[in-house]
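Notes follow the structure.
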There are 2 protein chains.
Amino acid sequence: MALSSKKKYCYEYPHPAVTVDIVIFTIIDGKLKVLLIERSDNGKLAIPGGFVEINEDLDTAAKRELAEEAGVKDVFLEQLYTFGAPDRDPRERIITVAYYSLVSPDKAIQAGSDAKAVGWYDVDIEEKKLAFDHYYILKCAVDRIRGKLEYTTIGFELLPENFTLHQLQEVYEAILDEKLDTRNFRKKVLQQKCIVPIHKVTANVAHRPAKLYAKKGN
Amino acid sequence: MALSSKKKYCYEYPHPAVTVDIVIFTIIDGKLKVLLIERSDNGKLAIPGGFVEINEDLDTAAKRELAEEAGVKDVFLEQLYTFGAPDRDPRERIITVAYYSLVSPDKAIQAGSDAKAVGWYDVDIEEKKLAFDHYYILKCAVDRIRGKLEYTTIGFELLPENFTLHQLQEVYEAILDEKLDTRNFRKKVLQQKCIVPIHKVTANVAHRPAKLYAKKGN
DNA sequence: TCAAAAGTGTTCTTGATACACCCATGC
DNA sequence: GCATGGGTGTATCAAGAACACTTTTGA
């Protein structure tokens, strides 16, 4: 019954399909959010992704999917982990190389801006709402970003080019899900010298204007 | 010319082959060593690995290869990174999920014990002696193990069940490639409480006997 | 008694934590 | 003049770094 004439790529041994899935994070209203797509077949939410083309590098595939699904490029993107349980997708053996990406709210697409049912969801979404093993992929990504925040300086990847220290602190608080001490936070990020003041301040705010900073090396 | 009758697994879209490669470390003579196999085709050295079977989990495939290639099981094994440049293997598109493993010298096979040309090599081996992108996989594994050593306690995975603090320190010095202060090292590992004294000492040594320790939870 | 590795404590420095008030602006 | 968020310093504590000598055994 299967149209085997359509199936024209043949191998001596069975080959799995390989996809990239990208856990895309942003900050909305001081909360860490993840981009998910509602599947038309069962209404479950899925991490965006797609097949790796046969002559395409994994990183390239991830960048391409990121552009296609979220409409962003030149953002933080890093490989996360590869998930390959034989039954993780009921249709076919699919091994997925998961990536995670940090996108600033100004670059991040508006949820549902294209035809697809995409939207930003809280990262503590229930397992049953997610398709396949995507709950575990998401958990893995959240753990990674929390861990990386402690010993790297990826926080400002979630902010626009110019930002205040208060905004940066909100990002850290959103990701770590705890309040931080303002004075200690400022001391720490300033002595790391990963961000530089741009000698401008916020305008038209109903309080004292805040100094703006930028990621170093821009 | 190709025996297409032999190639019986057919797909609508091309599928890459997927392998697992395992960077197997041990300590020999106080130096960090890696298990490599000499390839018969070009004499280059390769990290052991093999194809993932179509109904096999990635971790299971890695464990199987570890048993087949190095003859060890129940050792530390962790996924490292997935390498998938389209031209990394000239024969076919092969995506490899790399793992790394830490094996104690007493469990580690003797190099060349089976028919294959396997052997233990220094981790700072030259790039040109290694096949494919295995130099970068090895570098990635060495970086990972160095990083993990700082904030976890995986060092004793490279030692027999019972070991002295001095042996543990030698492992750390081998991996980090620097001398450590004995008093500070002992203070640190003992307060971490990951190892426990077994109230035995080394015997028949031409100096003061050393207390033996074991990984906690054995 | 000597060689060889085992074992041990204190001082100093550095980074992390805890904590409270004045400042600049728009309305 | 008041509401709002911006911005600052010091004292304490804990962890890491530097550093030298005595102990126990076999030969």
Side-chain angles (χ1 to χ4, degrees), chain A residues 27 29-31 105 146-153 155-156 159-160 162-214, chain B residues 27 29-31 105 146-153 155-156 159-160 162-214:
Chain A
I27 299 276
D29 297 332
K31 289 203 71 176
R146 282 197 184 131
K148 277 243 163 179
L149 210 57
E150 315 250 327
Y151 66 98
T152 66
T153 335
F156 44 69
L159 289 171
N162 299 327
F163 51 86
T164 68
L165 290 181
H166 184 77
Q167 287 176 306
L168 186 60
Q169 186 175 342
E170 280 180 336
V171 168
Y172 273 71
E173 289 177 341
I175 295 172
L176 300 175
D177 199 23
E178 60 176 317
K179 286 281 164 200
L180 299 174
D181 179 86
T182 307
R183 280 176 287 192
N184 294 336
F185 178 79
R186 288 165 170 261
K187 220 182 302 171
K188 194 170 155 185
V189 301
L190 289 175
Q191 82 185 15
Q192 281 186 263
K193 294 172 197 284
C194 295
I195 60 171
V196 288
I198 59 161
H199 306 295
K200 288 187 193 169
V201 292
T202 51
N204 305 316
V205 285
H207 52 79
R208 175 172 174 179
K211 286 184 196 156
L212 288 166
Y213 292 81
Chain B
I27 300 275
D29 297 332
K31 291 204 70 177
R146 282 197 183 133
K148 278 246 163 178
L149 209 57
E150 314 250 328
Y151 65 99
T152 66
T153 336
F156 45 69
L159 288 171
N162 300 326
F163 52 87
T164 69
L165 291 181
H166 183 75
Q167 286 176 306
L168 186 60
Q169 184 175 344
E170 280 180 335
V171 167
Y172 274 70
E173 290 177 339
I175 295 173
L176 300 175
D177 199 21
E178 60 176 319
K179 286 282 165 198
L180 299 173
D181 179 87
T182 308
R183 279 174 289 189
N184 293 336
F185 179 80
R186 288 165 170 258
K187 221 182 300 171
K188 194 170 154 187
V189 302
L190 289 175
Q191 84 186 13
Q192 281 186 262
K193 294 174 197 285
C194 295
I195 60 171
V196 288
I198 59 163
H199 307 294
K200 288 187 191 168
V201 292
T202 52
N204 304 315
V205 284
H207 53 79
R208 177 171 173 177
K211 287 184 195 157
L212 288 166
Y213 292 80

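A note on names: the letters A, B, ... follow the listed sequences, proteins ahead of strands, and every chain is numbered from 1. Only this structure's heavy atoms are used, side chains among them; waters, hydrogens and symmetry mates stay out.
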(message) Which residue is it: B/L165, B/I198, B/V201? I am looking for the one with a side-chain contact (heavy atoms from CB on, under 4.5 Å) to B/L212.
(response)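 So the option named by the test is B/I198.
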(request) Give me the first and last nucleotide of DNA chain D, going 5' to 3', that has any atom under 4.0 Å from a heavy atom of chain B. (result)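 Nucleotide range with atoms under 4.0 Å of chain B: D/dG16 to D/dG26.
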Are side-chain heavy atoms of [X] and [Y] found at a separation under 4.5 Å?
| X | Y | result |
| --- | --- | --- |
| B/Q192 | B/T153 | yes |
| A/L168 | A/F156 | yes |
| A/Y213 | A/L190 | yes |

In [range], what residues come within less than 4.0 Å of DNA chain D, judged by heavy atoms?
| range | value |
| --- | --- |
| residues 176-192 of chain B | B/D181, B/R183, B/N184, B/K187, B/Q191 |
| residues 166-174 of chain B | none |
| residues 200-212 of chain A | A/A206, A/H207, A/R208, A/P209, A/A210, A/K211 |

Once rounded to the nearest 0.5 Å, what's the spacing between atom [atom1] of [X] and atom [atom2] of [Y]?
| X | Y | atom1 | atom2 | answer |
| --- | --- | --- | --- | --- |
| B/K187 | B/D181 | NZ | CG | 7.5 Å |
| A/K211 | A/N162 | NZ | CG | 15.0 Å |
| B/R146 | B/I175 | CZ | CD1 | 9.0 Å |
| B/K31 | B/D177 | NZ | CG | 7.5 Å |

(request) Using the side-chain hydrogen bond (donor to acceptor under 3.5 Å, both in side chains) rule, pick out the option among A/E173, A/Q167, A/H166 that qualifies with A/Q169. (result)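 Result: among A/E173, A/Q167, A/H166, A/E173 is the only option passing the side-chain hydrogen bond (donor to acceptor under 3.5 Å, both in side chains) with A/Q169.
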(request) List the atom of A/G30, the atom of A/A174, and the distance in Å for their closest heavy-atom pair. (result)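 Residues A/G30 and A/A174, closest heavy atoms: O-CB, 3.3 Å.
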(request) Return the minimal non-hydrogen interatomic distance between A/T164 and A/A210, and the atom names on each side. (result)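 What the structure gives for the nearest pair is CG2-CB, 3.6 Å.
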(request) For A/Y172, enumerate each residue passing the ring-ring contact (aromatic ring centres under 6.0 Å, His included) test, keeping only those at least two apart in sequence or located in another chain. (result)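 Listed in chain order: A/F185.
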(request) Give me the bend of the helix from C/dT1-D/dA27 to C/dC27-D/dG1, using the axes of the five pairs at each end, rounded to 10°. (result)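 The two end axes of the helix from C/dT1-D/dA27 to C/dC27-D/dG1 meet at 0°.
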(request) Take B/I195 and B/F163 through the test side-chain contact (heavy atoms from CB on, under 4.5 Å) and record every step on the way to the result. (result) CA-CA 10 Å; B/I195 60 171; B/F163 52 87; 3.8 Å; yes
